[in-house]
*Asks:* 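My structure is below; once you've seen it, I'll send some questions.
Since the model is a prediction, treat every value here as computed from it, not as a measurement. No hydrogens, no waters, no symmetry mates; every other heavy atom, side chains included, goes into these values.
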Amino acid sequence: LIYSPAEPELENEIVNIYLRNNVRKMSASAFMRITPSVVKYASKGLRTDQKGNIVRKNYVFAKISRPEMAEKFMSPAPKNILDNLVKKGEISEKEAMLALKVPIAEDITMEADSGGHTDNRPLISIVPTVLVIRDRMMARYRYKRRIRIGAAGGISTPMAAAGAFSMGAAYVLTGTINEAAVEGGVSDIAKEMLAKAGIADVIMAPAGDMFEMGVKVQVLKRGTLFPGRALKLYNIYQSYNSLEEIPDDVRKKLGEEIFRKNIEEVWKDTRDYFAKRNKKTVEKAEKDPKFKMALVFRWYLGLAGQWAIEGNKDRISDFQIQCGPSMGAFNEWVKGSYLEDPKNRMVVDIALNILEGACVVLRAEQLRSAGVNVPNICFNFRPKKIKLV
């Protein structure tokens, strides 16, 4: 579930779909505040067993990058949101009462310098900080079950995973490297681009879903002009209050170099899209010129990601591929191994190699800590074919 401040109705409907289809575990990503939809999902189905212990039906895995948001997810749901959900008949009074005694999420994934939405926080700072907050929250609310802290962002090699576990992470989560795997949703062209990326081949660019707020996402820089073009659109958005205010020469360049069609045609496509998806968006745009301009610019930002998924060869220079520096670390690690070829990068193979490699690194470190002269090669686990027993 992605935080959707511009479309709270969409966020709520997605949660309703999860509830109707008995989806019991949900990852809540990029949230900047606690929303009613998250509270509803976490509270729905709460009950007590014969011993009086609170039993969950739904589990929220909060994927966030800020300590203050981690604290909010580790707290019980806000009473005002619970009261409103009860008033609307979306949860029962019993569920609301029990929700005041448990955290919204018992699994907090701290996201460091990752692809897509990120605050570029270093893993070695964010994980220990939130572990301290976790212990404080456990003591404050006297929770019976331990809140688990996971690590994400930058996890693409055995040594990175070993470092996360050494800091106290209960689990690790990979992201960008899965995008580049066989099962990844982007095109083969995009996967080849990811396979050539180094740790410095990434950059922050305006986010399509939170464009007006100035939020940025981390994307691949090498082989695409998207980051610069997206930034140009945001700078224009900040400089003018409507499409009509944009000078003719600037409008012409936008049409020729970025949109490849005139602004009027882009607005028509955008209007037709939102007329089917959410008519209120169109109504707001026709009353608010600044918002209309944002929607036109978001047309490009949204399609840039779709072009990367589809592998549109005419739009390679506009591919938006969300990517973190961990992609470069992974590419360096797998050089000379069977995982160097993108066609061999299966997510299970990648995961098993990272986990077994992390075990090897941690064992080697234990021996070194005990005074054994451990050769450096013992810390350099190489990818290999691993079979599940």
Side-chain angles (χ1 to χ4, degrees), residues 1-3 25-32 38 59-74 103-134 146-181 183-186 194 197 199 202 204 207 209-210 215-220 321-331 333 345 347-348 350-355 357-359 361-362:
L1 182 72
I2 301 294
Y3 179 48
K25 295 179 176 64
M26 178 185 81
S27 175
S29 301
F31 279 77
M32 298 172 71
V38 170
Y59 294 82
V60 174
F61 286 71
K63 186 164 175 257
I64 45 188
S65 58
R66 298 185 181 184
E68 61 270 24
M69 278 309 302
E71 187 167 335
K72 289 182 184 298
F73 272 100
M74 284 189 263
I104 296 171
E106 293 180 354
D107 297 275
I108 307 293
T109 306
M110 292 314 301
E111 184 179 25
D113 195 12
S114 67
H117 286 285
T118 180
D119 285 325
N120 307 107
R121 300 283 189 263
L123 197 68
I124 58 173
S125 297
I126 194 70
V127 170
T129 298
V130 176
L131 285 169
V132 171
I133 294 174
R134 185 272 307 276
R146 190 174 182 82
I147 296 173
R148 297 183 296 186
I149 305 300
I155 308 293
S156 63
T157 64
M159 294 191 77
F165 289 132
S166 296
M167 285 189 286
Y171 59 92
V172 295
L173 187 68
T174 53
T176 301
I177 58 174
N178 298 331
E179 181 183 20
E183 298 90 340
V186 296
L194 286 167
I199 60 173
V202 295
M204 299 301 290
D209 55 348
M210 301 182 194
V215 175
K216 294 183 177 181
V217 289
Q218 190 155 222
V219 299
L220 184 67
I321 305 173
Q322 296 190 359
C323 176
S326 62
M327 192 72 244
F330 177 82
N331 288 334
W333 171 52
R345 296 180 179 183
V347 288
V348 172
I350 293 171
L352 290 175
N353 270 282
I354 288 176
L355 288 174
C359 291
V361 170
L362 289 170

*Asks:* Just to verify, what does Thr157 make a side chain to side chain donor-acceptor pair (under 3.5 Å) with, not counting sequence neighbours?
*Replies:* none
*Asks:* Distance-only, no hydrogens or angles: does the Asn353 side chain make a donor-acceptor pair with backbone N or O of Val348 under 3.5 Å?
*Replies:* no
*Asks:* Over all heavy atoms of both residues, which pair between Ala105 and Ile147 is shortest? Give the atoms and the distance, please.
*Replies:* O-CG2, 4.3 Å
*Asks:* Under 3.5 Å, side chain of Thr118 to main-chain N/O of Ala112, donor-acceptor pair present?
*Replies:* yes
*Asks:* According to side chain to side chain donor-acceptor pair (under 3.5 Å), does anything in residues 160-171 pair up with another residue at least two apart or in another chain? List the pairs.
*Replies:* Thr109-Tyr171
*Asks:* Any chance CD1 of Ile199 has more than 12 other-residue heavy atoms, nucleotides or ligands included, within less than 6.0 Å?
*Replies:* no
*Asks:* What side-chain donor-acceptor pairs closer than 3.5 Å can you find for residues 64-71, not counting sequence neighbours?
*Replies:*
{"unit_1": "Ser65", "atom_1": "OG", "unit_2": "Asp119", "atom_2": "OD2", "d": "2.7"}
{"unit_1": "Arg66", "atom_1": "NE", "unit_2": "Asp119", "atom_2": "OD2", "d": "2.8"}
{"unit_1": "Arg66", "atom_1": "NH2", "unit_2": "Asp119", "atom_2": "OD1", "d": "3.4"}

*Asks:* Identify the two heavy atoms, one from Gly153 and one from Leu123, that lie closest to each other, and give their separation to 0.1 Å.
*Replies:* O-CD1, 4.1 Å
*Asks:* With Phe330, which residues qualify under ring pair (Phe, Tyr, Trp, His ring centres under 6.0 Å), at least two apart?
*Replies:* Trp333
*Asks:* Can you list everything that forms a ring pair (Phe, Tyr, Trp, His ring centres under 6.0 Å) with Tyr3? Sequence neighbours excluded, please.
*Replies:* Phe31
*Asks:* Of all the heavy-atom pairs spanning Glu111 and Ser114, show the shortest one and how long it is.
*Replies:* OE2-OG, 2.7 Å
*Asks:* Could you pull out all residues at least two apart from Gln218 that satisfy side chain to side chain donor-acceptor pair (under 3.5 Å)?
*Replies:* Asp113
*Asks:* Is there a donor-acceptor contact under 3.5 Å linking the side chains of Glu179 and Thr176?
*Replies:* no
